[in-house]
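What follows is one structure encoded as structure tokens, with my remarks underneath.
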Amino acid sequence: MTLFRLESKTHIKSLLIWVIVVVALIFGMMALFPSMRDSMASFDMSAFPKEMLEAFNLSDMAVLGTAEGFFGYYFQYILIASAIFAAMLGTNALAREESDGTIGYLYAQPISRASIVSSKILANALVYTLYWVVTVVASFLICLLFLEEGASASEVFKDFSVLLFAGEVMGLTFLSVGILISSLLASSKSTTSISLALVFLTYILGIVGRLQADYEFLVYFSPVDTALPSNVFNHGIEWKYVITDLIVLAVCFLATYWIYRRKDLKA
């Protein structure tokens with residue numbers, strides 16, 4: 001529990017910064033909606049290839065004329081940022097101890113390597129969960145402020161509840177992959193670049209999978225697609241992606257335990 005508390009406290013400052021910045025961005029984007037509503041609904045996108053529009057979630061411009069539809073479009077980029085946050089938490093989790101030299105402190109404690117991994121997983125999962133819950137709740141309240149007349153607040157609440165679950169699965173998936181990578185690293189110097197590469201590479205694979213029917217299987221390698229707001233709001237949970245993410249999550253966590261128990265740690 002001591003390591004769990006220490007790990008959680010380490011991220012309080014970054015958690016607050018991420019939450020404040022992301023919520024401010026969401027409010028700023030939604031503030032643009034009233035002035036863009038009419039033009040978004042009537043904008044002619046017929047000149048663009050249908051596949052490209054679908055890949056970037058622009059196939060139905062009329063939907064962008066609603067507060068929830070407009071939110072669903074731009075929030076995909078907030079979702080990518082959230083995935084990067086989760087991946088960075090993961091890739092720093094174990095590697096930071098060796099990089100900062102604090103692994104010597106852990107050596108002196110009556111704690112097993114399995115307990116170290118468990119504490120790191122639980123603490124970082126808690127940090128991401130707090131971030132995600134606050135982000136989605138704030139997004140829901142902001143969306144209500146700009147909800148058009150006649151729109152159902154209860155339906156919006158239902159959609160955001162689904163987004164809360166899907167985004168949690170997505171984030172924990174990136175966290176698990178990040179922690180697995182962290183168990184292989186001896187330094188945290190390259191964790192930011194690794195996190196960025198991980199998120200954007202998988203996101204691009206998802207785009208390719210949506211663009212080319214022959215490569216549709218690539219979407220399974222893109223956890224971001226599990227929680228894309230435009231898909232979640234229109235089609236609900238796609239369980240085939242959720243199950244794939246949960247399998248990846250479980251395999252990565254189990255592999256982390258196995259690797260870290262055998263790793264030659266350097267104080």
Side-chain angles (χ1 to χ4, degrees), residues 1-24 78 81-138 164 167-199 223 245-246 248-267:
M1 289 300 294
T2 300
L3 180 57
F4 172 81
R5 290 194 297 270
L6 288 174
E7 183 72 12
S8 300
K9 289 180 180 179
T10 299
H11 297 295
I12 289 177
K13 183 177 179 180
S14 62
L15 174 62
L16 290 174
I17 292 173
W18 271 83
V19 167
I20 292 171
V21 171
V22 167
V23 171
I78 301 295
S82 301
I84 293 172
F85 178 59
M88 288 177 63
L89 286 174
T91 54
N92 275 290
L94 297 170
R96 188 179 66 248
E97 301 295 344
E98 289 186 79
S99 184
D100 295 348
T102 52
I103 192 65
Y105 169 78
L106 294 182
Y107 274 148
Q109 305 302 311
I111 183 172
S112 66
R113 293 194 182 191
S115 296
I116 292 175
V117 174
S118 296
S119 297
K120 293 283 187 176
I121 289 175
L122 291 174
N124 285 284
L126 175 62
V127 171
Y128 173 77
T129 299
L130 289 173
Y131 159 80
W132 185 244
V133 169
V134 172
T135 298
V136 173
V137 170
L164 180 66
E168 178 72 5
V169 173
M170 177 212 73
L172 293 181
T173 302
F174 277 111
L175 176 68
S176 68
V177 177
I179 288 180
L180 175 58
I181 294 172
S182 185
S183 69
L184 299 169
L185 299 176
S187 171
S188 60
K189 292 181 180 180
S190 59
T191 53
T192 299
S193 57
I194 290 174
S195 299
L196 290 170
L198 173 64
V199 173
D245 286 353
L246 292 176
V248 170
L249 186 153
V251 170
C252 286
F253 281 154
L254 290 174
T256 300
Y257 281 103
W258 188 86
I259 292 171
Y260 200 71
R261 285 180 62 186
R262 291 160 176 78
K263 185 178 182 180
D264 182 20
L265 299 176
K266 297 179 181 179

Can you see which heavy atom on [X] is nearest to which on [Y], and at what distance?
X      : Y      : value
Asn124 : His11  : OD1-NE2, 3.1 Å
Leu185 : Ala95  : CB-CB, 3.9 Å
Gly171 : Ala86  : O-CB, 3.3 Å
Met170 : Pro223 : CG-O, 3.3 Å
Leu94  : Ser182 : N-OG, 2.8 Å
Ser183 : Leu180 : OG-O, 2.5 Å

Going from [atom1] on [X] to [atom2] on [Y], what distance comes out if it is rounded to the nearest 0.5 angstrom?
X      : Y      : atom1 : atom2 : value
Leu254 : Leu249 : CG    : CG    : 9.5 Å
Leu246 : Leu172 : CG    : CG    : 9.0 Å
Ile179 : Asn92  : CD1   : CG    : 10.5 Å
Asp245 : Glu168 : CG    : CD    : 12.0 Å
Glu7   : Leu89  : CD    : CG    : 8.5 Å
Leu15  : Ile20  : CG    : CD1   : 9.5 Å

Can you tell me which residue among Trp132, Trp18, Phe174 is in a ring pair (Phe, Tyr, Trp, His ring centres under 6.0 Å) with Phe85? Trp18

With side-chain contact (heavy atoms from CB on, under 4.5 Å) as the test, would you mind laying out the steps for Thr191 and Met88 before giving the verdict? CA-CA 7 Å; Thr191 53; Met88 288 177 63; over 6 Å; no

Could you go step by step and tell me if Ser193 and Ser190 meet the side chain to side chain donor-acceptor pair (under 3.5 Å) rule? CA-CA 6 Å; Ser193 57; Ser190 59; 5.1 Å; no

Begin from the C-alpha positions of Thr256 and Lys120 and carry the test side-chain contact (heavy atoms from CB on, under 4.5 Å) through to its verdict. CA-CA 11 Å; Thr256 300; Lys120 293 283 187 176; over 6 Å; no

How far apart are the C-alpha atoms of Leu198 and Thr91, what are their side-chain angles, what is the distance that settles it, and do they pass the side-chain contact (heavy atoms from CB on, under 4.5 Å) test? CA-CA 10 Å; Leu198 173 64; Thr91 54; 5.6 Å; no

Start with the C-alpha distance between Ile181 and Val177, add both sets of side-chain angles, then the distance that settles side-chain contact (heavy atoms from CB on, under 4.5 Å), and finish with yes or no. CA-CA 6 Å; Ile181 294 172; Val177 177; 4.1 Å; yes

May I ask you to check whether Tyr257 and Ser118 show a side-chain donor-acceptor distance below 3.5 Å? yes

Which of parallel (below 30°), tilted (30 to 60°) and perpendicular (above 60°) describes Tyr131 and Tyr128? tilted

